[in-house]
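We number each residue from 1, following the sequence as shown. In what follows, every heavy atom counts, from backbone to side chain, and hydrogens, waters and symmetry copies are set aside.
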Amino acid sequence: RYLSNSHECEWYGSTCNDEDVITEIRFEQNNLQGMLPEEIGELVELRTLSLEKGQISGVLPDSIQKLWFLEELDLDYNDFRGPLPQLPSGKKALDMNDNPNLTGSLDSLSTLTHLAFIALHETKISGTIPEAMSNLNDLEVLTVHGTNLQGPMPASLCASHFGEGK
């Protein structure tokens, strides 16, 4: 049905709201190939983008910054390369593990205060884990093994998430 006269809300993997605006795209394990287009930023009501276990490559487009309502970005097991772009603040889940050429640092994630899930293992993310990540009060999962991160886990992050019986 893609590239046909049928409405996008009828496409496999897409979910729409009551106004027929796409709010969710899930094409998991569908051998989706190519690059994520810059036009993805035009889907301004998008809340979930899940394209895991595909064959998507290239750089994450900067237009992803326009997706202010995006809560879940699930692009693991692809071949994205280059640095993580600045992400909108409402994000709750960032799942980009097993993108072996994904680079950048964790610095920009410190401002995403609603993040509960971060999976960046088996990437080329580098630098250190910023002290400011201890401000991610909703954080429950952080997986960063198999990266180029160096240095200790900030004590404040451990204390804020695992201290005092948490």
Side-chain angles (χ1 to χ4, degrees), residues 1-125 133 135-147 161:
R1 289 195 248 178
Y2 301 103
L3 302 177
S4 71
N5 291 333
S6 66
H7 192 276
E8 293 87 0
C9 294
E10 297 175 18
W11 293 356
Y12 171 81
S14 67
T15 301
C16 294
N17 62 17
D18 292 337
E19 290 85 35
D20 288 336
V21 176
I22 294 178
T23 58
E24 184 173 302
I25 297 175
R26 287 191 183 275
F27 296 132
E28 299 169 353
Q29 300 181 8
N30 280 305
N31 294 318
L32 195 60
Q33 298 178 19
M35 295 174 32
L36 194 59
E38 192 69 33
E39 290 80 7
I40 195 72
E42 301 302 316
L43 299 174
V44 294
E45 295 290 325
L46 199 63
R47 285 167 169 55
T48 300
L49 179 59
S50 182
L51 306 173
E52 70 178 43
K53 296 183 181 173
Q55 296 176 31
I56 306 171
S57 60
V59 176
L60 280 170
D62 287 334
S63 66
I64 211 153
Q65 297 172 31
K66 296 178 185 179
L67 302 178
W68 288 104
F69 297 107
L70 190 66
E71 295 177 350
E72 178 185 353
L73 183 61
D74 186 359
L75 303 174
D76 57 335
Y77 294 95
N78 279 289
D79 192 21
F80 285 101
R81 42 190 87 242
L84 282 172
Q86 188 68 35
L87 299 170
S89 62
K91 182 132 358 303
K92 294 180 181 174
L94 177 62
D95 193 357
M96 298 278 309
N97 60 277
D98 292 279
N99 278 281
N101 296 301
L102 186 67
T103 62
S105 72
L106 298 180
D107 294 333
S108 64
L109 301 184
S110 299
T111 61
L112 303 177
T113 56
H114 298 292
L115 268 175
F117 182 92
I118 302 172
L120 290 168
H121 55 277
E122 303 303 332
T123 65
K124 290 184 180 170
I125 297 292
M133 286 189 75
N135 297 327
L136 302 180
N137 295 325
D138 297 335
L139 188 64
E140 296 177 10
V141 174
L142 173 63
T143 61
V144 291
H145 60 273
T147 65
H161 294 286

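- The CG atom of L60 lies 8.0 Å from the CG atom of N99; values are rounded to the nearest 0.5 Å.
- Proximity of F117 to L142: side-chain heavy atoms (C-beta onward) are nowhere separated by under 4.5 Å.
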> Could you go step by step and tell me if R81 and T103 meet the side chain to side chain contact (heavy atoms under 4.5 Å, CB included) rule?
Replying inline: CA-CA 7 Å; R81 42 190 87 242; T103 62; over 6 Å; no
>> Apply side chain to side chain contact (heavy atoms under 4.5 Å, CB included) to residues L36 and L49 and explain how you reach the verdict.
In response: CA-CA 11 Å; L36 194 59; L49 179 59; 4.2 Å; yes
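- Note that CG of L109 is 6.5 Å distant from CG of L87, once rounded to the nearest 0.5 Å.
- Each of R26, R47, K92, K91 was compared with E72 under the side-chain hydrogen bond (donor to acceptor under 3.5 Å, both in side chains) criterion, and only R26 meets it.
- Judged by distance alone, with hydrogens and angles left aside, the side-chain atoms of T48 form no donor-acceptor pair with the main-chain N or O of E24 at under 3.5 Å.
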>> Set out, in order, the CA-CA distance, both residues' side-chain angles and the distance that settles side chain to side chain contact (heavy atoms under 4.5 Å, CB included) for S14 and F27, then state yes or no.
In response: CA-CA 8 Å; S14 67; F27 296 132; 5.5 Å; no
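- From L75, atom CG reaches atom CG of L73 across 4.0 Å, with rounding to the nearest 0.5 Å.
- Proximity of a side-chain donor or acceptor of D79 to a complementary backbone N or O of I56 within less than 3.5 Å is not detected.
- L106 CG to T147 OG1: the interatomic distance, rounded to the nearest 0.5 Å, is 7.5 Å.
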>> What verdict does the side chain to side chain contact (heavy atoms under 4.5 Å, CB included) test give for T113 and N137, after you've listed the backbone C-alpha separation in whole Å, the side-chain angles of each residue and the deciding distance to 0.1 Å?
In response: CA-CA 7 Å; T113 56; N137 295 325; over 6 Å; no
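- Between Q86 and T111 there is a side-chain heavy-atom pair separated by less than 4.5 Å.
- At distances below 3.5 Å, not a single donor-acceptor pair connects side-chain atoms of D20 with backbone N or O atoms of C9.
- Separating the CG atom in D76 from the CG atom in L51 is a distance of 10.0 Å, to the nearest 0.5 Å.
- S57 places no side-chain N or O within donor-acceptor distance of the main-chain N or O of F80, the cut-off being under 3.5 Å.
- A donor-acceptor pair under 3.5 Å is formed between the side chain of N78 and the backbone N or O of Q55.
- Donor-acceptor pairing under 3.5 Å is recorded for the side chains of E28 and S50.
- Here CG of L102 is found 12.5 Å from CD of E122. Values are rounded to the nearest 0.5 Å.
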